Amino acid sequence: GHMATVDRITVAVQLSVGVAYYLRLPIDTDRDASAITRRNFVKEIDTEMRTESRIAEVINTVIEKFVTLKHFAFPKGIALTQALSENIFTIIACVLSNVPLGIIGTPGSSKTLSVHIVRDNLRGPDLSTTQFCKQFPAVDVFFHQCSEYSTAEEIRKTFQKAMSRQKSYGDEAGSSTRCIVFLDEAGLPDARRMVLKELHPFLDSPSVSFVAVSNFPFDAANTNRMVTLRRSLDQKDLEVLAKGCLEINHLD
């Protein structure tokens, strides 16, 4: 009864802290890791929160149970790395809560792939192929491939198309379909032209979901308007990736 409710609240708080803060920090093996890494952060936060379960263990356990080969259909030859699992979990969490998300990672860390997997699996109660995904609304993704020549007008038009489609589905939180604006390679537009400044009003009062992926960190103005996930591939991920490429990812 009461203790179970307290435990659920504690886990919810730990997950919220994890998505908002823990996942945005680099792992120890990042080449450009700052003085504050995930490991440093959990030492401090576990002391402050004074809970029996450590926050990193809670986050990793929830992600491991959420993103499984049973819950999601993956393309043939795709390895379920920790980086891919974190991407999928955070995308769905942010889409359902309508919180903008930026994913930062090195090339090959499954940033774009994770968006495609979410799109292909979240097709609504009637069309989703797994029982797990049937509980989520369908997603309708509006892609924009960024380049150094991208303009603010192109980004604005992508948002306008998504917002118009969302109105046709219904704006209410319980809508059966969620529209997502997805900016791929969002770090490429020329910063001198301040192209991504166009995002500010759409992120301040989001009427559609937003996911951007980049090899490079966003500037402070955009970072402060979104949840950020930063994850590169560590040694364990590289081993899982190799097994997946060889289609032996089910082996120990």
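Remember, predicted model here, so these are calculated numbers, not experimental data.
Counting heavy atoms from C-beta on, the side chains of Ser209 and Asn98 come closer than 4.5 Å. Under the 4.5 Å side-chain criterion, counting only non-hydrogen atoms from C-beta, Ile104 is not in contact with Arg231. Residues Val99 and Pro206 form no side-chain contact, since every pair of their non-hydrogen atoms from C-beta on lies 4.5 Å or further apart. Between Phe218 and Thr228, the closest side-chain pair of non-hydrogen atoms is not below 4.5 Å. With contacts defined as side-chain heavy-atom distances shorter than 4.5 Å, the pair Arg165/Val208 does not qualify. Two residues are said to be in side-chain contact when any heavy atoms from C-beta on lie closer than 4.5 Å; Arg54 and Val42 fail this criterion. Looking at heavy atoms from C-beta onward, Leu101 lies in side-chain contact with Val227 at the 4.5 angstrom threshold. Under the 4.5 Å side-chain criterion, counting only non-hydrogen atoms from C-beta, Asn87 is not in contact with Val115.
Side chain of Asn40 to backbone of Thr37: a donor-acceptor contact under 3.5 angstrom is found. Side-chain atoms of Ser16 come within 3.5 Å of backbone N or O of Ala12 as a donor-acceptor pair. Side-chain atoms of Glu198 never come within 3.5 Å of backbone atoms of Arg156 as a donor-acceptor pair (strictly under, hydrogens ignored). Arg123 contributes no side-chain N or O that, together with a main-chain N or O of Thr129, makes up a donor-acceptor pair within less than 3.5 Å. A donor-acceptor pair is defined here as one N or O able to donate and one able to accept, closer than 3.5 Å; such a pair exists between the side chain of Arg38 and the backbone of Leu25.
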Where do Asp204 and Arg225 land on the side chain to side chain contact (heavy atoms under 4.5 Å, CB included) test, with the steps shown first? CA-CA 7 Å; Asp204 288 338; Arg225 289 175 161 88; 2.8 Å; yes

Test Val118 against Phe136 for side chain to side chain contact (heavy atoms under 4.5 Å, CB included), laying out the working first. CA-CA 11 Å; Val118 170; Phe136 301 119; over 6 Å; no

Verify side chain to side chain contact (heavy atoms under 4.5 Å, CB included) between Asn215 and Glu185, making sure each step is shown before the conclusion. CA-CA 7 Å; Asn215 297 337; Glu185 300 290 354; 3.8 Å; yes

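Summarising the geometry, atom CG belonging to Leu183 is positioned 4.5 Å from atom SG belonging to Cys146; distances are rounded to the nearest 0.5 Å. Of the inter-residue distances, the one linking Cys133 atom SG with Ile92 atom CD1 reads 6.0 Å to the nearest 0.5 angstrom. Between the CG atom in Leu23 and the CD1 atom in Ile103 there is a gap of 10.5 Å [rounded to 0.5 Å]. Interatomic distance, OG1 of Thr90 versus CG of Leu229, reported as 4.5 Å (0.5 Å rounding). Atom-to-atom distance recorded for Thr106:OG1 and Phe216:CZ is 11.0 Å, nearest 0.5 angstrom. Rounding to the nearest 0.5 Å places CD of Gln135 at 9.0 Å from CG of Leu122.
Both Val11 and Val19 belong to a single network of hydrophobic side chains, linked directly or stepwise wherever heavy atoms of I, L, V, M, F, W or Y lie under 4.5 Å apart. Leu127 and Leu96 are not part of a single hydrophobic cluster, where members link through side-chain heavy atoms under 4.5 Å apart. Residues Ile45 and Ile36 fall within the same hydrophobic cluster, defined by Ile, Leu, Val, Met, Phe, Trp and Tyr side chains chained together at heavy-atom separations under 4.5 Å. Note: the hydrophobic cluster containing Ile63 also contains Leu69 (ILVMFWY, side chain heavy atoms under 4.5 Å, direct or indirect links).
Exactly one of Phe142, Phe210, Phe143 qualifies for a ring-ring contact (aromatic ring centres under 6.0 Å, His included) with Phe182. That residue is Phe143. The only option from Leu84, Ile78, Ile117 that meets the side chain to side chain contact (heavy atoms under 4.5 Å, CB included) definition with Ser110 turns out to be Leu84.
In terms of the ring pair (Phe, Tyr, Trp, His ring centres under 6.0 Å) criterion, residue partners of Phe202 (sequence neighbours excluded) are, by chain and number, Phe159. Evaluation of the ring pair (Phe, Tyr, Trp, His ring centres under 6.0 Å) rule for His71 yields Phe132 as partners, not counting sequence neighbours. For Tyr21, there are no ring pair (Phe, Tyr, Trp, His ring centres under 6.0 Å) partners at least two apart in sequence or on another chain. Judged as a side chain to side chain contact (heavy atoms under 4.5 Å, CB included), and not counting sequence neighbours, the contacts of Val67 are Phe72, Phe74, Leu80, Ser85, Ile88, Phe89.
For Ala73 against Thr130, the heavy-atom pair with the smallest separation is N-CG2, 4.3 Å. For Arg192 against Asp190, the heavy-atom pair with the smallest separation is N-OD1, 2.9 Å. What you find for Ala152 and Val195 is that their closest heavy atoms are N-CG1, 3.6 Å. Residues Asp126 and Lys134 share a closest heavy-atom pair of O-NZ, 4.0 Å. Across all non-hydrogen atoms, the minimal contact from Arg230 to Arg24 is CB-O, 3.6 Å. Considering every non-hydrogen atom in both Leu196 and Ala186, the closest pair reads CD1-O, 3.4 Å.
Around CD of Glu64, the count of heavy atoms belonging to other residues, nucleotides or ligands within 6.0 Å does not exceed 12. Heavy-atom contacts from other residues, nucleotides or ligands closer than 6.0 Å to CZ of Arg193 number more than 12.
For residues 100-120, no pair satisfies salt bridge (charged side-chain N to carboxylate O under 4.0 Å, His left out), with sequence neighbours left out. Pairs passing the side chain to side chain donor-acceptor pair (under 3.5 Å) check and including a residue from residues 146-155, sequence neighbours excluded, read Glu153-Lys157.
For the 3.5 Å distance criterion, the side chains of Asp140 and Thr177 fail to qualify, holding no donor opposite an acceptor. Using modelled atom types and a 3.5 Å distance limit, the side chains of Thr10 and Asp7 yield no donor-acceptor pair.
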